[in-house]
Structure formats: structure tokens, C-alpha cells
Amino acid sequence: MRKRQQAQNEEISTVSQAPGGNQRPNTCCFCWCCCCSCSWYVMQSIWYHIQRSLTVRNEERGEHAGRPTHTTKMENIQIEEECQTPTVEEILSWSHNFDKMMKSLAGQNLFREFLRTEYSEENLLFWLACEDLKNEQNTKIVEDKARNIYEDYISILSSKEVSLDSRVREVINRNLLDPTAHMYEDAQLQIYTLMHRDSFPRFLNSHVYKSLLEGTEDSTTES
């Protein structure tokens with residue numbers, strides 16, 4: 001049995017090393033100097049991968065969740081609305097202005113992809129949920145969303161619990177007795193500051209950001 005397996009392995013090795021074999025030639029997309037359109041395709045592929053991975057993540061979360069939470073719905077809307085690749089000027093501006101990146105759907109999606117690699121995606125999701133809550137006018141819906149946010153991001157039983165100090169938690173617990181659209185403002189500011197000071201500098205040095213930036217710069221230069 002062993003001899004037969006060895007013989008088969010030798011045959012496979014011989015075929016793969018034989019000249020004129022049906023080996024797939026390197027395409028131009030792996031050679032940055034061969035084709036002017038290569039880097040454009042690379043940049044598009046990077047952006048497509050980011051948006052596709054976020055969409056798949058949302059679909060999986062919707063399938064496995066016990067209830068269709070406000071978070072899942074909001075994330076799906078966000079992905080659907082963001083359909084264009086950001087320009088090189090826009091991407092460069094993010095490196096100097098965290099606020100501007102956070103106001104851009106493209107910037108939020110890219111930053112979220114990075115946070116996933118650091119297992120801190122819940123920080124951005126919490127901030128977005130608070131933004132969504134502040135835009136709500138219906139009192140009943142405000143109550144429901146406020147309690148959902150508490151269950152998803154504040155409760156110590158949640159797997160997506162964000163890191164807040166005791167003072168902010170006390171304020172939230174008091175506000176939960178009579179929920180309002182702005183009850184999480186202190187907590188939202190604390191998480192926003194954490195992302196800005198802690199995660200954002202690493203994001204700018206990450207492969208996620210640099211890959212998209214390089215691909216966009218090359219496509220702009222060659223065009």
C-alpha cells in the first residue's frame with residue numbers, strides 16, 4: 001500500500017515538473033508594470049472583497065440571530081447604500097481627519113473591516129447604533145432601540161459588550177428607566193474617543209488601509 005502511494009506521488013511530481021505541462025501562466029494582474037489596467041483591477045478587487053466580506057458577515061448574523069435586531073437591519077442598509085469606491089483624495093483625507101472618515105460610508109466600511117481584525121468591531125457598531133437612535137422620533141421605537149442597544153453592547157452578558165467606565169454605566173442605568181434618543185451620548189463619546197486615539201493610528205498603518213490607498217493611487221497615476 002505504501003509503495004503504491006509512493007509511486008502515485010512520484011507520478012504527480014513528475015507531471016508537475018515536466019516541461020510543457022499545462023501550468024497556468026502568470027497573468028498580467030500579478031505584474032504591476034505589464035498592463036496599465038492591472039492596478040485598477042487590484043484596487044477594485046480589494047474594495048469588492050471588503051464590501052463582500054461585510055455583506056456575508058451581516059447575512060450570517062441575520063441567519064443565526066434569534067431576532068432581527070436594529071443592528072443587523074442598519075448594517076445591511078449601510079452596505080447597500082455604499083456602492084462606489086472612494087477616490088484617492090478622499091482616502092488620503094481620512095489619514096488627517098478621523099471625523100471626516102467616520103462621516104463617510106466608505107470610510108466606516110473600511111474602518112470596520114480593520115476593527116474586525118482586532119476583534120473590536122463592536123465599538124463601531126455601538127457608535128452607529130447610537131447615531132441611528134439619535135435620529136429616531138417615535139417614542140416607542142426609541143424605547144425599543146435603546147433597550148436593544150443596552151442588551152447588545154452594554155450588558156455584561158453580551159458577547160459584544162463595549163468597554164465603558166463605571167460613571168458612564170451608572171448614567172446609562174439611570175437613563176434606562178426613562179429611555180431617550182440621547183441617553184447614550186456620554187458612552188458614545190467615550191467609545192468614539194477610544195477608536196480615535198487607540199484604533200485609528202493602527203488603522204492608518206494597517207494592510208487594509210494601505211492596500212486600498214496604493215491601488216487607488218496607482219490607478220489614478222496610470223489613467
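On a predicted model such as this, the values are computed, not experimentally measured, just so you know.
- Between F114 and Y209, the distance separating the two ring centers is not shorter than 6.0 angstrom.
- Residue I141 holds its CD1 atom at 4.5 Å from CD of E136, rounded to the nearest 0.5 Å.
- Interatomic distance, Q108 CD to L125 CG, rounded to the nearest 0.5 Å: 10.5 Å.
- Below 30°, between 30° and 60°, or above 60°: for F203 and F200 the angle between ring planes is below 30°, a parallel geometry.
- Here the closest non-hydrogen pair linking L110 and V208 is CD1-CG1, 3.5 Å.
- Within the structure, salt bridge (Lys or Arg N to Asp or Glu O under 4.0 Å) contacts touching residues 188-211 (residues at least two apart or in different chains) are E118-R202, D198-R202.
- Within the 4.5 Å cutoff, the side chain of N123 has no heavy atoms near those of the W127 side chain.
- In this structure, E131 and Q188 have side chains that are in contact, with non-hydrogen atoms separated by less than 4.5 Å.
- Here the side chain of Y184 pairs a donor or acceptor atom with the backbone of A146 at under 3.5 angstrom.
- Residue pairs that meet the salt bridge (Lys or Arg N to Asp or Glu O under 4.0 Å) test with at least one member in residues 96-105, sequence neighbours left out, do not exist here.
- Separating the CD1 atom in I191 from the CG atom in D186 is a distance of 12.0 Å, to the nearest 0.5 Å.
- Aromatic rings from F98 and Y192 are positioned such that their centres are separated by under 6.0 Å.
- Residues L133 and L128 are members of one and the same hydrophobic cluster, defined by side-chain heavy-atom contacts under 4.5 angstrom among Ile, Leu, Val, Met, Phe, Trp and Tyr.
- There is no path of hydrophobic side-chain contacts, each under 4.5 Å, that joins Y153 to V171.
- Shortest non-hydrogen contact noted between W94 and S104 is CZ2-OG, 3.6 Å.
- Residues E90 and P86 come closest through the heavy atom pair OE1-CB, 3.5 Å.
- We find the CG-CE distance between N97 and M102 to be 11.5 Å, quoted to the nearest 0.5 Å.
- At least one donor-acceptor pair under 3.5 Å links the side chain of S95 to the backbone N or O of L92.
- Side-chain atoms of S155 and E161, non-hydrogen and from C-beta on, never get closer than 4.5 Å to each other.
- In this structure a side-chain-to-backbone donor-acceptor pair under 3.5 Å is missing from R169 to A187.
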query = What's the verdict on salt bridge (charged side-chain N to carboxylate O under 4.0 Å, His left out) for E170 and R167, showing C-alpha distance, side-chain angles and the deciding distance?
reply = CA-CA 5 Å; E170 289 176 5; R167 180 192 64 81; over 6 Å; no
request  = Before giving the answer on salt bridge (charged side-chain N to carboxylate O under 4.0 Å, His left out), spell out for E113 and R116 the whole-Å C-alpha distance, their side-chain angles and the decisive distance to 0.1 Å.
outcome  = CA-CA 5 Å; E113 180 70 8; R116 283 180 59 191; 3.5 Å; yes
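- Here the CD1 atom belonging to I172 is positioned 4.0 Å from the CD1 atom belonging to I154, to the nearest 0.5 angstrom.
- Remark: H182 NE2 to T180 OG1 distance equals 7.0 Å, nearest 0.5 Å.
- Using a 4.5 Å heavy-atom threshold, the side chains of L115 and E122 count as separate.
- Residues R147 and P179 come closest through the heavy atom pair NH2-CG, 4.0 Å.
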